[in-house]
Amino acid sequence: MYSYHMEQELKKTFKGDIATDSATLDLASRDASLFEMRPTMVVYPRDSADVQALVKYVAEHKSTDPTLSITVRAAGTCMSGGPLNESIIMDTTRYMTGTLLVDATEKWARVLPGTYYRDFDAETKKSGLIMPAYTASRELCTVGGMVANNSGGEKSIYYGKTENYIRELKVVFRDGYEYTVRPMTRKELMLKIGTIGFEADMYKALYKLITDNQKMIMQAKPDVSKNSAGYYLWNIWDPTTETFDLCKLIVGSQGTLGIVTEITFNLVPVKPFSTLCVVFLKDMKDIGRIVNVALAQHPESIESYDDNTLRVAVKFFRDFLKKKKLVGMVKFMFSFIPEFLMTLAGGLPKMILLIEFSGNSHDEIQEKAITLARALKDQFHVLTHVTHSEAEESKYWDVRHESFNLLRKHVQGKHTAPFIDDFVVRPEYLPEFLPKVDIILKKYDLTYTIAGHPGDGNFHIIPLMNLKDPKTRDIILTLSEEIYDLVLEYRGSITAEHNDGIIRSPYLEKQYGSIVTDLFAQTKDIFDPEVLFNPHKKVGVTKDDIAKYLSKGDYGEATKK
Ligand SMILES: Cc1cc2nc3c(=O)[nH]c(=O)nc-3n(C[C@H](O)[C@H](O)[C@H](O)COP(=O)(O)OP(=O)(O)OC[C@H]3O[C@@H](n4cnc5c(N)ncnc54)[C@H](O)[C@@H]3O)c2cc1C
């Protein structure tokens, strides 16, 4: 609970800014999810010392004020409610920003967590390097948010998610000190466990939890290429290499175990050439088989968006233009003429697939794309197009990247409703799985867009809903249940990259069963038994919380850009 006295006390050790005005609290009450939670205070730490001071303050006062807790907010683009809290919001984007070092020889970079990915990307690209797990929200989100959500994106079928690029983290844990977290050999781990103090106890308890329950933990691992659900207990201890890597637990934990104050990412070289094989599908019946044919050619991306997404892009075309310079604007307008004509004639394709090849030789990747286009045409009688320039490619990518954001900004009277926005199954199941999803969706009278990463079997279905209508809450709960039952029949995961937050944490038990969710609760207890960090995420969240914190739909856009 906020009080003037508390603010004055905190200011003795905390050098950053503190805000309690209603405009700031309003903004921090929302993210890109369906939820609203109004904090009592927003603080802007100047550095790690400030983060440590805040954690110490909350730890010391938790027993007298149990409502106190800290949730980190970065860019606030989370679609699951991750950065929302009724107590203290800690915003990293004011001061804890900047790329500290890029090591071009060893291919890694050190960065502060509030840095926008777009700024980090610009720095690493000066050395011809990139952190390739970037999201469709790459222009909007921060690297800290990407680590905490274990984000992924269009390159994930080839490069994997954020978890694959973390070399080292600095994390402030509940004792209010910063620790370096990185992979350790068994010998290093045993040495650490052999010492005394907070860190030793934490490693000892976690190692015991993992080794005591190893078989159960390994069986729980979802059979998919991308997963952001739960705590990734199966990834921490690798018995074959005898490596213990706590970064593999912190990534994707949504700030529920500690606060990340510095990130060191491994990087990969930027490939100079790319080309797209664009596939226009009249219906969804062959999408699964087409994706499997394309996957055999090892593309760097297989992305998709549907006719509703394309309609949104054409309708709000002016927003795209605003981002282009004059020459780019003219080229971009001309490139969209076929889509305008298709819209007028009502003949839009049901789904567009973008299959991208990248490499060091233009001719080689062009050849690959042309060969695939021919094969798909022969086998499935689909319309295909191979792009010849970056400008042509960017038209398709712009629609893919911007569609959800455009929808959020422009929808009138309704709200984009991400709740079945991120399920994933292995792509070979898609031919059987997708028609079943369609049967479920048809039972509900919803307008929705579908975009996603079919190369990973990961789809983002975003319905438009009236949040003031009491039926909306029931639909969210029943439709989630039906879709997740189906996803779990195929040993998939309820979230590939958007994470659990408030919207999916209540379904973790459905996915993992009671024994494994109890291991998640024990994990939370090892790191944060008093719940100093980000309550209502991962553990102890119920379906009633979904109803309780569901937005009333009175607000507009909440993210910073
Ligand atoms: C238009 C749009 C497109 C999107 N596309 C994708 C996509 O392609 N792939 C994808 O994976 N996601 C996507 N997202 C979701 C979102 O952008 C990502 O999850 C992103 O990484 C969140 O970053 P952020 O800076 O906005 O974090 P926030 O939303 O501010 O926070 C996300 C979570 O991270 C925690 N957190 C942030 N910083 C720290 C820290 N320093 N220490 C501990 N915890 C921390 C927060 O508490 C919260 O739980 C999209 C969202 C939008 C709006």
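Note: F520 and Y512 meet the aromatic proximity criterion, with ring centroids under 6.0 Å apart. Aromatic rings of Y484 and F423 (six-membered ring for Trp) have centroids beyond the 6.0 Å cut-off, not under it. Taking the ring centroids of F459 and H453, they lie at or beyond the 6.0 Å cut-off.
Closest approach of S480 to Y507, counting heavy atoms only: CB-OH, 3.6 Å. Across all their heavy atoms, L508 and A229 have their closest contact at CD2-CB, 3.8 Å. Residue I546 comes nearest to I503 through the heavy atom pair CD1-O, 3.6 Å, listed as atom of the first residue, atom of the second, then distance. S151 and G145 make their closest contact through OG-O, 4.1 Å (heavy atoms, listed as atom of the first residue, atom of the second, distance). Counting all heavy atoms, side chain and backbone alike, A28 lies closest to R73 at O-NH1, 3.8 Å.
Annotation: cation-pi pair R118/Y116 present, NZ/CZ under 6.0 Å from the ring centroid and within 45° of its normal. Judged by the 6.0 Å distance and 45° axis criteria, R94 is positioned over the aromatic ring of Y44.
In this structure, N227 and Q511 have side chains that are in contact, with non-hydrogen atoms separated by less than 4.5 Å. Residues P132 and Y165 have side chains in contact (heavy-atom distance under 4.5 Å, counting atoms from C-beta outward). For the pair E86 and T40, the minimum side-chain heavy-atom distance is 4.5 Å or more. Using a 4.5 Å cut-off on side-chain heavy atoms (C-beta onward), R110 and E168 make contact. For the pair S228 and H498, the minimum side-chain heavy-atom distance is 4.5 Å or more. You'll find the side chain of E262 stays beyond 4.5 Å of the side chain of V111, heavy atoms only. Inter-residue side-chain proximity for V43 and I89 is flagged as unmet; no heavy-atom pair is nearer than 4.5 Å. For the pair T124 and F265, the minimum side-chain heavy-atom distance is 4.5 Å or more.
Y158 OH: 12 or fewer foreign heavy atoms inside a 6.0 Å radius. For L191, the CG atom is densely surrounded, since the number of other residues' heavy atoms within 6.0 Å is greater than 12. In the displayed structure, K15 atom NZ is contacted under 6.0 Å by more than 12 heavy atoms of other residues, nucleotides or ligands. Within a 6.0 Å radius of CE in M216, no more than 12 heavy atoms belonging to other residues, nucleotides or ligands are found. Shown here is Y177, whose OH atom has no more than 12 heavy atoms of other residues, nucleotides or ligands within 6.0 Å. Heavy-atom contacts from other residues, nucleotides or ligands closer than 6.0 Å to CD of E390 number 12 or fewer.
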Dump the intermediate steps for side-chain contact (heavy atoms from CB on, under 4.5 Å) on I217 and V516, then the final yes or no.
CA-CA 7 Å; I217 287 171; V516 174; 5.9 Å; no
Take V251 and Y232 through the side-chain contact (heavy atoms from CB on, under 4.5 Å) test and state the conclusion after the steps.
CA-CA 9 Å; V251 65; Y232 321 138; 4.2 Å; yes
Go through it in stages, so that I can follow the logic: the residues are Q254 and N149, the test is side-chain hydrogen bond (donor to acceptor under 3.5 Å, both in side chains), and I'd like the CA-CA distance, side-chain angles, deciding distance and then a yes or no.
CA-CA 6 Å; Q254 292 203 299; N149 272 354; 2.9 Å; yes
Before you tell me yes or no, could you show the steps for L257 and F533 under side-chain contact (heavy atoms from CB on, under 4.5 Å), namely the whole-Å CA-CA distance, both residues' side-chain angles and the distance that decides it to 0.1 Å?
CA-CA 6 Å; L257 305 177; F533 301 122; 5.9 Å; no
Go through the steps to decide whether Y117 and E139 satisfy the test side-chain hydrogen bond (donor to acceptor under 3.5 Å, both in side chains), and finish with yes or no.
CA-CA 7 Å; Y117 175 83; E139 296 295 319; over 6 Å; no
The test is side-chain contact (heavy atoms from CB on, under 4.5 Å); show your working for K248 and W234 and say whether it passes.
CA-CA 9 Å; K248 302 276 185 206; W234 38 86; over 6 Å; no
Salt bridge (charged side-chain N to carboxylate O under 4.0 Å, His left out), that's the test. Do R30 and E36 meet it? Break it down for me.
CA-CA 5 Å; R30 297 159 278 144; E36 268 173 46; over 6 Å; no
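A donor-acceptor contact shorter than 3.5 Å is absent between the side chain of S127 and the backbone of L129. N213 places a side-chain N or O within donor-acceptor distance of the main-chain N or O of L209, the cut-off being under 3.5 Å. A donor-acceptor pair under 3.5 Å is absent between the side-chain atoms of S358 and the main chain of S274, judged by distance alone. Put simply, the side chain of S301 never gets that close to the backbone of E303: no donor and acceptor are under 3.5 Å apart. When atom types are taken as modelled, the side chain of D545 and the backbone of T542 share a donor-acceptor pair closer than 3.5 angstrom. For the pair T142 (side chain) and T93 (backbone), a donor-acceptor distance under 3.5 Å is absent. In terms of modelled atom types and a separation under 3.5 Å, the side chain of Y549 and the main chain of L34 share no donor-acceptor contact. Within the 3.5 Å criterion, the main-chain N or O of A49 finds a donor-acceptor partner in the side chain of D47. A donor-acceptor contact shorter than 3.5 Å is absent between the side chain of D50 and the backbone of S48. H460 places a side-chain N or O within donor-acceptor distance of the main-chain N or O of D421, the cut-off being under 3.5 Å.
Side-chain contact, N534 with N85: no donor N or O sits under 3.5 Å from an acceptor N or O. For the 3.5 Å distance criterion, the side chains of Q52 and T261 fail to qualify, holding no donor opposite an acceptor. Looking only at atom types and distance, the side chain of N499 has no donor-acceptor partner in the side chain of S80 under 3.5 Å away. D245 and T243 share no side-chain donor-acceptor pair at under 3.5 Å. Donor-acceptor pairing under 3.5 Å is recorded for the side chains of S33 and D31. Inspection of the D26 and S29 side chains reveals no N or O donor paired with an N or O acceptor under 3.5 Å.
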Could you pull out all donor-acceptor pairs under 3.5 Å where a side-chain atom in residues 100-109 meets a protein atom, sequence neighbours excluded?
unit_1, atom_1, unit_2, atom_2, d
D103, OD1, T105, N, 3.0
D103, OD1, E106, N, 2.8

Could you pull out all donor-acceptor pairs under 3.5 Å where a side-chain atom in residues 194-202 meets a protein atom, sequence neighbours excluded?
unit_1, atom_1, unit_2, atom_2, d
T195, OG1, K192, O, 2.6
E199, OE2, K192, NZ, 3.3

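Tested against E356, the residues K155, R400, K271 include a single salt bridge (Lys or Arg N to Asp or Glu O under 4.0 Å) partner, K155. Among the candidates T523, T256, D500, the single residue satisfying the side chain to side chain donor-acceptor pair (under 3.5 Å) test with K538 is D500.
In summary, K161 and D456 do not engage in a salt bridge, as defined by a charged side-chain N under 4.0 Å from a carboxylate O. Note on K62 versus E530: no salt bridge recorded, every NZ/NE/NH1/NH2 to OD/OE distance being 4.0 Å or above. At a threshold of 4.0 Å, the pair K548-D544 does not count as salt-bridged, since none of the basic side-chain nitrogens sits closer than that to a carboxylate oxygen. Using a cutoff of 4.0 Å between basic side-chain nitrogens and carboxylate oxygens, K56 and D175 are not scored as salt-bridged. In summary, R46 and D17 engage in a salt bridge, as defined by a charged side-chain N under 4.0 Å from a carboxylate O.
F527 and F173 have tilted rings, their planes meeting at an angle from 30° to 60° on a 0 to 90° scale. Ring geometry for H61 against Y57 counts as parallel: the plane angle stays under 30°, on a 0 to 90° scale with 60° as the upper cut.
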